[in-house]
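The analysis underlying the following values was restricted to heavy atoms, covering all of them including side chains, and did not include hydrogens, waters or symmetry mates. The model shown is predicted, which means the values in this text are computed figures rather than measured ones.
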Amino acid sequence: MANKLLTEQNIQVIDNASDWQMAVKKASEPLIKSKKITDRYVQSMITSVKENGPYMVLSDYFALMHARPGDGVNQLGMSLLVSKQPIDLAGKPVKIFFIMAAVDNNSHLESLQKIMTIFMDDQSYKTVLDGNKKQIVNLFAKMEE
């Protein structure tokens with residue numbers, strides 16, 4: 001199921017973004033286009049960081065962007081934006097913006113756990129950080145093999 005959520009269309013690689021809010025909006029575009037989320041969800045993620053600080057930055061260069069489950073979420077969805085240059089997110093440098101849109105508190109957990117194994121593997125993490133879209137797509141495609 002996980003690789004069906006993080007398809008090639010939901011993975012983007014950019015050189016840079018003007019700020020973290022633009023990166024979050026760009027990262028969310030595939031989910032908006034497929035109507036899995038609404039603009040309200042994107043705004044909720046941005047507001048949450050402004051109110052609570054960079055708590056979504058879980059490790060070096062990695063932010064797990066999310067908002068309250070169901071609020072602006074039509075369907076479970078995930079997308080990934082990799083920036084070749086670090087983008088300042090409230091004092092923390094981020095290159096990987098992983099968007100997690102959940103419809104409730106539980107249905108996304110299995111898929112999220114499976115995808116996080118890639119980010120927890122040092123070699124796979126480096127592959128994502130390197131920003132080669134073809135290699136990133138292949139990495140996530142191998143999850144289901």
Side-chain angles (χ1 to χ4, degrees), residues 1-49 54-90 92-145:
M1 179 171 174
N3 81 335
K4 287 178 181 56
L5 289 171
L6 198 57
T7 62
E8 183 172 355
Q9 295 80 12
N10 289 14
I11 297 172
Q12 302 174 77
V13 176
I14 62 171
D15 287 327
N16 206 346
S18 56
D19 58 38
W20 67 268
Q21 293 100 320
M22 287 305 301
V24 169
K25 289 175 185 174
K26 179 77 175 159
S28 302
E29 284 175 3
L31 299 176
I32 297 232
K33 191 185 239 181
S34 63
K35 300 194 181 337
K36 290 189 175 176
I37 64 171
T38 66
D39 288 329
R40 186 172 81 210
Y41 189 75
V42 178
Q43 198 50 55
S44 292
M45 289 187 283
I46 291 170
T47 299
S48 189
V49 171
Y55 73 97
M56 294 187 210
V57 180
L58 302 183
S59 66
D60 290 344
Y61 301 115
F62 180 83
L64 174 59
M65 303 302 299
H66 61 282
R68 187 177 313 279
D71 186 27
V73 180
N74 299 321
Q75 189 181 345
L76 177 62
M78 298 176 188
S79 62
L80 176 68
L81 176 81
V82 179
S83 173
K84 293 187 179 188
Q85 299 299 317
I87 298 164
D88 181 74
L89 193 156
K92 304 255 186 186
V94 175
K95 288 183 167 184
I96 300 169
F97 290 83
F98 182 77
I99 307 289
M100 174 79 245
V103 292
D104 58 36
N105 289 327
N106 298 312
S107 62
H108 65 290
L109 295 177
E110 187 178 331
S111 297
L112 180 61
Q113 184 177 26
K114 197 166 204 176
I115 283 177
M116 290 309 289
T117 61
I118 285 180
F119 293 114
M120 290 187 280
D121 176 78
D122 288 342
Q123 189 58 46
S124 298
Y125 189 70
K126 184 180 179 327
T127 298
V128 175
L129 271 178
D130 286 345
N132 180 310
K133 182 172 177 173
K134 186 173 171 46
Q135 290 178 351
I136 295 168
V137 169
N138 288 339
L139 196 61
F140 286 99
K142 286 180 186 170
M143 277 192 316
E144 291 298 310
E145 291 177 0

Engineer: With rounding to the nearest 0.5 Å, note down the distance linking CD1 in I96 to CG in L58.
Structural biologist: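 Spacing of CD1 (I96) from CG (L58) equals 11.0 Å.
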Engineer: Where do S28 and M45 land on the side-chain contact (heavy atoms from CB on, under 4.5 Å) test, with the steps shown first?
Structural biologist: CA-CA 10 Å; S28 302; M45 289 187 283; 3.5 Å; yes
Engineer: Kindly indicate whether the side chain of D88, heavy atoms from C-beta on, has any atom under 4.5 Å from the side chain of D19.
Structural biologist: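 No, their side chains stay 4.5 Å or more apart.
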Engineer: Nearest 0.5 Å, please: how far is CG in N105 from CZ in R68?
Structural biologist: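 It comes to 9.5 Å.
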Engineer: Step by step, would you call Q9 with T7 a side-chain hydrogen bond (donor to acceptor under 3.5 Å, both in side chains)?
Structural biologist: CA-CA 5 Å; Q9 295 80 12; T7 62; 3.1 Å; yes
Engineer: Can you tell if the side chain of K25 reaches within under 4.5 Å of the side chain of I46, non-hydrogen atoms only?
Structural biologist: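 Side-chain contact under 4.5 Å: yes.
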Engineer: I need the minimum non-hydrogen distance between K84 and G131, along with the two atoms involved.
Structural biologist: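 It is CE-O, 3.6 Å.
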Engineer: Checking N10 side chain against M78 main chain: does a donor-acceptor pair fall under 3.5 Å?
Structural biologist: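 Yes, N10 side chain to M78 backbone: donor-acceptor pair under 3.5 Å.
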Engineer: Where is the tightest heavy-atom contact between G77 and K36, given as atom of each residue plus distance?
Structural biologist: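 Of all heavy-atom pairs spanning G77 and K36, the closest is CA-CD, 4.0 Å.
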Engineer: Under 6.0 Å between the ring centres of F119 and F98?
Structural biologist: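 So the answer is yes for these two rings.
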Engineer: Going by heavy atoms in the side chains, are Q85 and D15 under 4.5 Å from each other?
Structural biologist: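 Counting from C-beta outward, Q85 and D15 never come under 4.5 Å.
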Engineer: Under the criterion side-chain contact (heavy atoms from CB on, under 4.5 Å), I'd like the reasoning laid out for I32 against T38: C-alpha separation, chi angles, the key distance, then a yes or no.
Structural biologist: CA-CA 6 Å; I32 297 232; T38 66; over 6 Å; no
Engineer: Roughly how far apart are H108 NE2 and Q113 CD, rounded to 0.5 Å?
Structural biologist: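 One finds 11.0 Å between NE2 of H108 and CD of Q113.
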Engineer: Between I11 and K134, does a side-chain contact (heavy atoms from CB on, under 4.5 Å) hold up when you go through it step by step?
Structural biologist: CA-CA 10 Å; I11 297 172; K134 186 173 171 46; over 6 Å; no
Engineer: Could you tell me whether a side-chain N or O of S124 sits under 3.5 Å from a main-chain N or O of M120, the two making a donor and an acceptor?
Structural biologist: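 No, S124 side chain to M120 backbone: no donor-acceptor pair under 3.5 Å.
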Engineer: Can you list everything that forms a side-chain hydrogen bond (donor to acceptor under 3.5 Å, both in side chains) with D104? Sequence neighbours excluded, please.
Structural biologist: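 With neighbours one apart ignored, the set is S107.
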Engineer: Hey, is the main chain of A27 close enough, under 3.5 Å, to the side chain of S79 for a donor-acceptor pair?
Structural biologist: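 The answer is yes, because a donor-acceptor pair under 3.5 Å joins these two groups.
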Engineer: If you define the side chain from C-beta out and look only at heavy atoms, does anything of I87 sit under 4.5 Å from F97?
Structural biologist: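 Result yes, sub-4.5 Å side-chain heavy-atom pair found.
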Engineer: Any heavy-atom pair between the side chains of M116 and F62 that's under 4.5 Å?
Structural biologist: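 Yes. Closest side-chain heavy atoms under 4.5 Å.
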Engineer: Which pair of heavy atoms, one from V24 and one from I99, lies closest together, and at what distance?
Structural biologist: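 Minimum heavy-atom separation between V24 and I99: O-CD1, 4.2 Å.
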Engineer: Look up atom OG1 in T127 and atom CG in N132, then write down how far apart they are to the nearest 0.5 Å.
Structural biologist: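 Here the rounded value is 9.0 Å.
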Engineer: Do the side chains of I118 and L139 get nearer than 4.5 Å, heavy atoms only?
Structural biologist: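 L139 reaches I118 side chain to side chain.
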Engineer: Which pair of non-hydrogen atoms, one from G70 and one from R40, has the smallest distance, and what is that distance?
Structural biologist: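 Heavy-atom minimum between the residues: O-NH2, 4.5 Å.
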Engineer: I need the H66 NE2 to L112 CG distance, nearest 0.5 Å.
Structural biologist: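 Interatomic distance, H66 NE2 to L112 CG, rounded to 0.5 Å: 10.0 Å.
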Engineer: Report the residues that fulfil ring-ring contact (aromatic ring centres under 6.0 Å, His included) with Y41, sequence neighbours left out, ordered by chain and then residue number.
Structural biologist: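 None.
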Engineer: Is there a donor-acceptor pair under 3.5 Å between the side chain of Q75 and the backbone N or O of I37?
Structural biologist: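 Such a contact is absent between Q75 side chain and I37 backbone.
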Engineer: Compare every heavy atom of A90 with every heavy atom of V49, then report the nearest pair and how far apart it is.
Structural biologist: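 Of all heavy-atom pairs spanning V49 and A90, the closest is CG1-CB, 4.4 Å.
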Engineer: Less than 4.0 Å between a side-chain N and a carboxylate O, is that true for D130 and K126?
Structural biologist: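 Yes, charged N to carboxylate O under 4.0 Å.
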Engineer: Is a donor on one side and an acceptor on the other found under 3.5 Å between the side chain of T47 and the backbone of Q43?
Structural biologist: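 Yes, because the side chain of T47 sits within donor-acceptor range (under 3.5 Å) of the backbone of Q43.
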Engineer: I want to check something: taking the side chain as every heavy atom from C-beta on, are I14 and L81 in contact at a cut-off of under 4.5 Å?
Structural biologist: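 When only atoms from C-beta onward are counted, L81 and I14 do touch, with a gap below 4.5 Å.
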Engineer: Around atom OH of Y61, are there more than 12 heavy atoms of other residues, nucleotides or ligands at under 6.0 Å?
Structural biologist: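 At most 12 heavy atoms, drawn from other residues, nucleotides or ligands, come within 6.0 Å of this atom.
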Engineer: Nearest heavy-atom pair of Q12 and K26: which atoms, and what distance?
Structural biologist: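 Minimum heavy-atom contact is NE2-O, 2.7 Å.
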Engineer: For K33, is the NZ atom crowded, meaning more than 12 foreign heavy atoms sit under 6.0 Å from it?
Structural biologist: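 Counting other residues, nucleotides and ligands, NZ of K33 stays at 12 neighbours or fewer.
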Engineer: Can you tell me how far apart CD (E8) and CD1 (I136) are? Round to the nearest 0.5 Å.
Structural biologist: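 CD1 of I136 is found 11.0 Å from CD of E8.
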